[in-house]
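So that the names make sense, note that chain A is the first sequence line, chain B the second, and so on, each numbered from 1.
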2 protein chains.
Amino acid sequence: MSPEDERPDLAAMLAPLLRALIAVELPVLAEHDVSMWGYSVLTTLDDTPVRTQAALADAIGADKSRIIGTLDELQDAGLIERTPDPNDRRVRLLSITPKGRRVRRSVRKDIRVHENRILEALPPADRQAFLRSIRNLYDAR
Amino acid sequence: MSPEDERPDLAAMLAPLLRALIAVELPVLAEHDVSMWGYSVLTTLDDTPVRTQAALADAIGADKSRIIGTLDELQDAGLIERTPDPNDRRVRLLSITPKGRRVRRSVRKDIRVHENRILEALPPADRQAFLRSIRNLYDAR
DNA sequence: TATTGTTATACTCTATAACTATA
DNA sequence: TATAGTTATAGAGTATAACAATA
């Protein structure tokens, strides 16, 4: 095996990194009284409005039955709204509230601080290439 | 928020990437009849021999009680050995067998093929910087 | 008959705490 | 009393299937 390949597997390196990111995010989310799934929902609704719960579930890679509790919590907290669709009474139209938008952006700002602290370990040039690369891989998904 | 910061959260981008990596690795592992934890154990024992099961569990970020089933399977398959330590009869000394080493390296080779296929989406310069960066973040952990 | 949202059930992981045998 | 390995129990998270209302 060539020296270049003498490195841990990609997944073996990414998993601890992701765990570390989640570990610093959880307290931030707790401060704002939202769960990880809740924040994921707020982010999706803020960036790319979706009509139905099924479409939302699909967008965040979850099962439609799995997000119901999350939606209940977000609705109770006044962060999203579920209004019956008059054109198709099976559907409940989803939307983020102004309060939900404020929470989402506030959480994101706090998370960015932690992310930047972690990324500071990288030389600036590599840092840019790293961000460009995961963005690239993420978009190509 | 500045344009540079208009990107998904790091964790939001890394999570799907890790999921994709795991998705391609699982069939490879299944072909070689080892679990994800089993492969993790083989990797650790091959690279950095550890004496006790507790030390191994610590090295792979698991609880000592969680790896026992994995060790049983690996031992039954002849991939590792557990020999009682004559100096401390509470301890069972761990070692990877030649067969275990062959399996580990065979799996790694197959995984690399899939990893490289995914990384081909990146321009070569970025690809190097990306690998250097996650290695950097991983080692600084 | 198919689809939306919901609820219920079962299954997998994981964390924790007990237990034994040694020290 | 403390530690290594093991087993047992309980909890969280998830997937799947069934269900009622509507199309």
Original post:
Looking for any heavy atom pair under 4.0 Å, which part of the strands does R82(A) touch: base, sugar-phosphate only, or nothing?
Top reply: sugar-phosphate
Subject >> Separation of dT6(D) C1' from I67(B) CD1 (nearest whole Å) >> reply: 11 Å
Subject >> Length of the line joining L74(A):CG and dG5(C):P, which is rounded to integer Å >> reply: 15 Å
Original post:
When rounded to the nearest 0.5 angstrom, what distance separates CD in E81(A) from OG1 in T97(A)?
Top reply: 6.5 Å
**OP:** Using whole Å, report how far CG of D58(B) lies from P of dA4(D).
**Re:** 11 Å
Original post:
Any idea which heavy atoms bring E120(B) and R127(B) closest together, and the distance?
Top reply: CA-NH1, 3.5 Å
**OP:** Taking all heavy atoms of L18(A) and all of A15(B), pick out the closest pair and write down the distance.
**Re:** CD2-CA, 3.9 Å
Subject >> Heavy-atom side-chain proximity of V50(B) to L45(B) below 4.5 angstrom >> reply: yes
Original post:
Roughly, in whole Å, what's the span from CD1 in I68(A) to P in dT9(C)?
Top reply: 16 Å
Original post:
What pairs of residues pass the ring pair (Phe, Tyr, Trp, His ring centres under 6.0 Å) test when at least one of them lies in residues 6-54 of chain B, not counting sequence neighbours?
Top reply: none
Original post:
Under the ring pair (Phe, Tyr, Trp, His ring centres under 6.0 Å) rule, what pairs show up with a residue in residues 93-134 of chain B, not counting sequence neighbours?
Top reply: F130(A)-F130(B)
Subject >> Letter per nucleotide, 5' to 3', of nucleotides 9-23 of chain D [B base touched, S only sugar-phosphate touched, - untouched; heavy atoms, 4.0 Å] >> reply: -----SSB----BBS
**OP:** Rounded to the nearest angstrom, tell me the gap between atom CG in L93(B) and atom P in dT22(C).
**Re:** 15 Å
**OP:** Quickly work out the R92(B) CZ to dT22(C) P distance and round it to whole Å.
**Re:** 12 Å
